[in-house]
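Here's the structure we're looking at; comments come further down.
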Amino acid sequence: MVDWINSISVDWVLSRRRFYGTEIPLWYCKKCGRTIVPEPGKYYIPWKEKPPIAKCPNCESDEFIGESRIFDTWFDSSNSELYILGYLWNKEFFNKNFPCSLRPQGKEIVRSWLYFTILKSYLLFGKSPFKDIVINYHVTDEKGEKMSKSLGNIIDPQVIIKNFGAETFRMWAFLEGNILSGDVRYSDKRMEASKRFLTKLWNLGRFISSFPVVQKGEMMPAEKWILGELNKLKTM
Ligand SMILES: [Zn+2]
């Protein structure tokens, strides 16, 4: 993210020319061009509504042009931590809990959601909006390609569950899914291997549980050695 910030050479575009979105609450005086900014606390639709003042404070004209553009999506979503903490309507809760403990998010929106949220928080409060951020990578297709509709390489998790079972899916994610170290490649073959591993584990469990539980007894040297190795593994 720091690399990205240092490489920025253009301004952040915060408006969009789309119909749906959060209106930018501004009017412009038709005569002198003065920008009219309303008091906060109300939602305005400037292209449809009149401004909250009758006359331009600069030239006394009573004709205005309402802003027709909307805010960029990231301008809205960069409010997320303010929203969940009740900023402006639950001050006690906000003051007690700001900054947020954790922002979980995907790697592809570091330069949008994460950046804009942090930027806005610094502009408003002079500090970071989160204590920690978890950025996860993606599950890709077998070749490492991002799944997309146009490529037609989307793998539906429901189909995997139907074909291999939910436990196999979990086992695969557990064995291969270190999603913090990079993208994880999905493959049917690897899923099949997870299924076999799970079957072995299941059979092992059934085999062990077929013996009576020993209440009291001496451990053999080999047993001590095995438990020692297990403890070493646990502390790794
Ligand atoms: Zn004016």
Side-chain angles (χ1 to χ4, degrees), residues 1-136 138 148-150:
M1 184 171 168
V2 171
D3 287 347
W4 185 79
I5 289 172
N6 289 334
S7 73
I8 298 172
S9 57
V10 292
D11 286 341
W12 169 20
V13 180
L14 56 80
S15 67
R16 286 281 182 267
R17 292 189 185 278
R18 284 183 201 137
F19 185 78
Y20 293 105
T22 304
E23 274 87 2
I24 298 174
L26 296 176
W27 287 263
Y28 310 99
C29 172
K30 214 169 177 180
K31 203 173 158 197
C32 75
R34 162 78 76 102
T35 304
I36 312 297
V37 185
E39 291 290 314
K42 185 180 175 290
Y43 191 88
Y44 294 99
I45 307 175
W47 53 270
K48 211 166 119 182
E49 294 170 1
K50 284 189 171 153
I53 52 162
K55 281 182 177 164
C56 170
N58 187 43
C59 73
E60 304 226 314
S61 163
D62 59 359
E63 287 190 287
F64 303 93
I65 302 164
E67 178 61 71
S68 61
R69 286 169 293 186
I70 58 158
F71 281 114
D72 177 49
T73 310
W74 300 111
F75 201 90
D76 286 325
S77 49
S78 63
N79 286 331
S80 55
E81 96 288 11
L82 304 179
Y83 185 79
I84 61 169
L85 294 182
Y87 180 59
L88 294 183
W89 69 87
N90 193 345
K91 284 197 170 120
E92 198 190 327
F93 186 77
F94 180 82
N95 291 335
K96 201 174 153 195
N97 294 294
F98 186 86
C100 274
S101 49
L102 183 74
R103 153 66 64 84
Q105 65 159 71
K107 66 167 186 179
E108 81 283 16
I109 44 175
V110 166
R111 63 163 195 84
S112 40
W113 196 28
L114 181 58
Y115 171 66
F116 294 155
T117 313
I118 291 175
L119 174 67
K120 192 183 271 179
S121 182
Y122 268 98
L123 292 173
L124 278 170
F125 311 109
K127 58 179 171 182
S128 169
F130 317 110
K131 288 186 185 121
D132 290 298
I133 299 157
V134 168
I135 298 167
N136 62 271
H138 290 160
S148 79
K149 266 188 204 164
S150 54

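Only heavy atoms go into these numbers, but all of them, side chains included; no hydrogens, no water, no symmetry mates.
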Is the [atom1] atom of [X] crowded by more than 12 outside heavy atoms at less than 6.0 Å?
{"X": "Phe125", "atom1": "CZ", "result": "yes"}
{"X": "Glu49", "atom1": "CD", "result": "yes"}
{"X": "Lys149", "atom1": "NZ", "result": "no"}
{"X": "Lys42", "atom1": "NZ", "result": "yes"}
{"X": "Lys107", "atom1": "NZ", "result": "yes"}

Is any side-chain heavy atom of [X] less than 4.5 Å from a side-chain heavy atom of [Y]?
{"X": "Trp113", "Y": "Ser80", "result": "yes"}
{"X": "Lys96", "Y": "Leu85", "result": "no"}
{"X": "Glu67", "Y": "Thr35", "result": "no"}
{"X": "Cys59", "Y": "Arg34", "result": "no"}
{"X": "Glu63", "Y": "Lys31", "result": "no"}
{"X": "Pro129", "Y": "Ile118", "result": "yes"}
{"X": "Cys100", "Y": "Phe130", "result": "yes"}
{"X": "Leu82", "Y": "Phe94", "result": "yes"}

* May I have the step-by-step check of side-chain contact (heavy atoms from CB on, under 4.5 Å) for Leu26 and Ile36, ending in yes or no? => CA-CA 6 Å; Leu26 296 176; Ile36 312 297; over 6 Å; no
Atom [atom1] of [X] and atom [atom2] of [Y]: how far apart are they, to the nearest 0.5 Å?
{"X": "Ser78", "Y": "Leu123", "atom1": "OG", "atom2": "CG", "value": "10.0 Å"}
{"X": "Phe71", "Y": "Arg18", "atom1": "CZ", "atom2": "CZ", "value": "14.0 Å"}
{"X": "Asp62", "Y": "Lys30", "atom1": "CG", "atom2": "NZ", "value": "10.5 Å"}
{"X": "Leu119", "Y": "Leu124", "atom1": "CG", "atom2": "CG", "value": "9.5 Å"}
{"X": "Ile70", "Y": "Leu14", "atom1": "CD1", "atom2": "CG", "value": "11.5 Å"}
{"X": "Thr117", "Y": "Phe75", "atom1": "OG1", "atom2": "CZ", "value": "11.5 Å"}

* Which atoms form the tightest heavy-atom contact between Phe64 and Cys29, and what is the distance? -> CD2-CA, 3.9 Å
* Structure fact -> On a heavy-atom basis, the closest approach of Ser128 and Pro99 is O-CB, 3.4 Å
* According to the interplanar angle, ranging from 0 to 90°, do the rings of Phe116 and Trp74 count as parallel (below 30°), tilted (30 to 60°) or perpendicular (above 60°)? -> tilted
* Would you please classify the geometry between the Tyr44 ring and the Trp27 ring as parallel, tilted or perpendicular, with 30° and 60° separating the classes? => perpendicular
* **Test side-chain contact (heavy atoms from CB on, under 4.5 Å) applied to Asp72 and Val13, step by step** => CA-CA 7 Å; Asp72 177 49; Val13 180; 6.0 Å; no
* To do: Please report the C-alpha distance between Glu23 and Tyr43 in whole Å, then the side-chain angles of each, then the deciding distance to 0.1 Å, and finally whether the side-chain hydrogen bond (donor to acceptor under 3.5 Å, both in side chains) criterion is met.
  => CA-CA 8 Å; Glu23 274 87 2; Tyr43 191 88; 2.5 Å; yes
